Number of protein chains: 2
Amino acid sequence: MRMSELSAATGAPVATLKFYLREGVLHPGESLSRTQARYDESHVERVRLIRALMDTGGLSMAATRSVLAAVDDPPPERHELLGVAARALTGDTAPVSDPELTERTWSWIHERGWHIAPDETLVARLTNQVQAARSAGIDVTWERLGQYADAMDRVADADIASVPVDRGEALRYVVVGTVMVDPVLQTLRRLAHQNRSAGSVGKGGPQPRPAATAAVSSSPDQRPETPGQPAR
Amino acid sequence: MRMSELSAATGAPVATLKFYLREGVLHPGESLSRTQARYDESHVERVRLIRALMDTGGLSMAATRSVLAAVDDPPPERHELLGVAARALTGDTAPVSDPELTERTWSWIHERGWHIAPDETLVARLTNQVQAARSAGIDVTWERLGQYADAMDRVADADIASVPVDRGEALRYVVVGTVMVDPVLQTLRRLAHQNRSAGSVGKGGPQPRPAATAAVSSSPDQRPETPGQPAR
DNA sequence: TTGACTTGGAGAGTACTACTCCCCAATATG
DNA sequence: CATATTGGGGAGTAGTACTCTCCAAGTCAA
């Protein structure tokens, strides 16, 4: 497969592929001569992965690079992987402004029985986010945070349950999955909001707390197609 | 309060405040003369809100503007508000590429008992995200999606429970809260991952599924301060 | 063999965003 | 009255993700 064919297979312009090569996010093809290189399925997958991480996952080029580096390198330690994905998605943490709030956040974590490494920067991030919410007039109480954390424990259960057994695959799955599922969760939250508020407006009433995990039927009823805004 | 004082109170440079005024996200102060204007507490709050939405919420200037417009205008309808917040956070939806997947997404929504307006672009977004995850090698099954949606129903419960009763306040709360809580949830998911994987490495074992919502104690044990990367 | 086309490599240019700087005349302020 | 500040506005800057242009070397079809 030549570069123009790779371009056709992925939908990315040749100029963009060259750019990815220069940036080091796409591995070079097998060089046949000074002006010819062969690309294969691994390149197609890689380009698709890059675009998924950047477009849907919202990662920057730099963040994408470090995610890919994590995926490529031999797995250091299992809990390190999650750290890589976490850091890649949201740059470095700004220094914590409020030490008292940080301390209370740690207390909250302990009270809820979570085991978190004491140097974890995620806690600093959480503290900053809670503070930012407050400065925006949204008081995120500890109780509310607890409800959110309960929900995220369930999400983590689902995340972990779907990780493949294979070592090398697991690495890629955890890192990429962490990034790609974030926007899905965000959209589902919006839909859950819709569902709850539709009930007070519409006829039937919403599903307040469905317990069962529904499987999709093989007989989809006729649905009007979603129009979707044409241009961006 | 003059502009330089507003700057001191918010930490935003005067040039930035002028920029916000030009961009229309900050309302002008009371004009005392051609070269003097008075700003008040409402301006301080507004600037803080702008910075929270942009820095923590990750909104662009344009998205921030539409969120603020939604907050300022008289509430159209309750379910409209959520739509505004949803749209503000993630631009317009790209056209759906796969109609079959869209249809299955709708079926899934129905099977789970959610009431969603049939023209909802969020469904298109969800479809695209699931497809993007697949093209990145992450197969988000309907069962897994169900687990995620269960968790998001709980999140939505917590969201709705904390909305104040006052009409005007509720508007602001829902829109801003939707935006500001997203990053919190993201961080909590990372922490939940940490907790689960720390158990297989550390000593005590993680809290697999804590049921109780813990309140924070008034006697926080001494915690080593989180260092945090100094520079960005 | 020849001539159109493609390739890798690299520099420069573009579009967009969120500021940031600079200048001005008209006031405030000491 | 001298100095400083203000609002207003245009222009400049830094960062990001491309996109374009050029080039000589190499490939392919006729």
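No experiment lies behind these values; they were computed from the predicted model shown. Proteins come first, then strands; the chains are lettered A, B, ... in the order of their sequence lines, and each starts at number 1.
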Review point. Would you find a donor on one side and an acceptor on the other, under 3.5 Å apart, between the side chain of B:R189 and the backbone of A:T178?
Key: yes
Exercise for review: Starting at atom CE of A:M1, determine the distance to atom P of C:dG8, rounded to an integer number of angstrom.
Suggested key: 13 Å
**Study point:** Contact residues, residues 44-55 of chain A to DNA chain D [heavy atom, < 4.0 Å]
**Key:** A:M54
Practice item. For residues 30-41 of chain A, pull every pair meeting salt bridge (charged side-chain N to carboxylate O under 4.0 Å, His left out), keeping only residues two or more places apart or in separate chains. Key: A:E30-A:R38
Study note, to complete from the structure: Sorted by number, residues from residues 10-27 of chain A placing a heavy atom under 4.0 Å from DNA chain C are A:K18, A:R22
Study note, to complete from the structure: Sequence neighbours excluded, the answer for side chain to side chain donor-acceptor pair (under 3.5 Å) partners of B:R48 is none
Review point. Under 3.5 Å, is there a donor-acceptor pair between the side chain of A:E103 and the main chain of A:E100?
Key: no
Check your understanding: Angle class for the B:W108/B:W142 ring planes (parallel below 30°, perpendicular above 60°, tilted otherwise)?
Key -> tilted
**Study point:** Check: A:A124 main-chain N/O paired with A:T121 side-chain donor or acceptor under 3.5 Å
**Key:** no
Check your understanding: Counting only N and O atoms by type, is there a donor-acceptor contact under 3.5 Å from the side chain of A:R172 to the main-chain atoms of B:I138?
Key -> no
**Study point:** Polar side-chain atom of B:T16 near backbone of B:A12 as donor-acceptor pair, under 3.5 Å
**Key:** no
Check your understanding: Under 3.5 Å, is there a donor-acceptor pair between the side chain of A:T127 and the main chain of A:L101?
Key -> no
Exercise for review: Residues of residues 29-41 of chain B with any non-hydrogen atom less than 4.0 angstrom from an atom of DNA chain C: list those, numerically ordered, please.
Suggested key: B:S33, B:R34, B:T35
Check your understanding: How long is the span from the CG atom in A:L122 to the CG atom in B:L188, to the nearest 0.5 Å?
Key -> 9.5 Å
Check your understanding: Can you pull the contact range of chain A along DNA chain D, 5' to 3', using atoms under 4.0 angstrom from its heavy atoms?
Key -> D:dA17 to D:dT27
Practice item. Verify, without hydrogens or angle tests, whether B:S197 (side chain) and B:Q194 (backbone) share a donor-acceptor contact under 3.5 angstrom. Key: yes
Review point. Checking A:H43 side chain against A:H27 main chain: does a donor-acceptor pair fall under 3.5 Å?
Key: yes
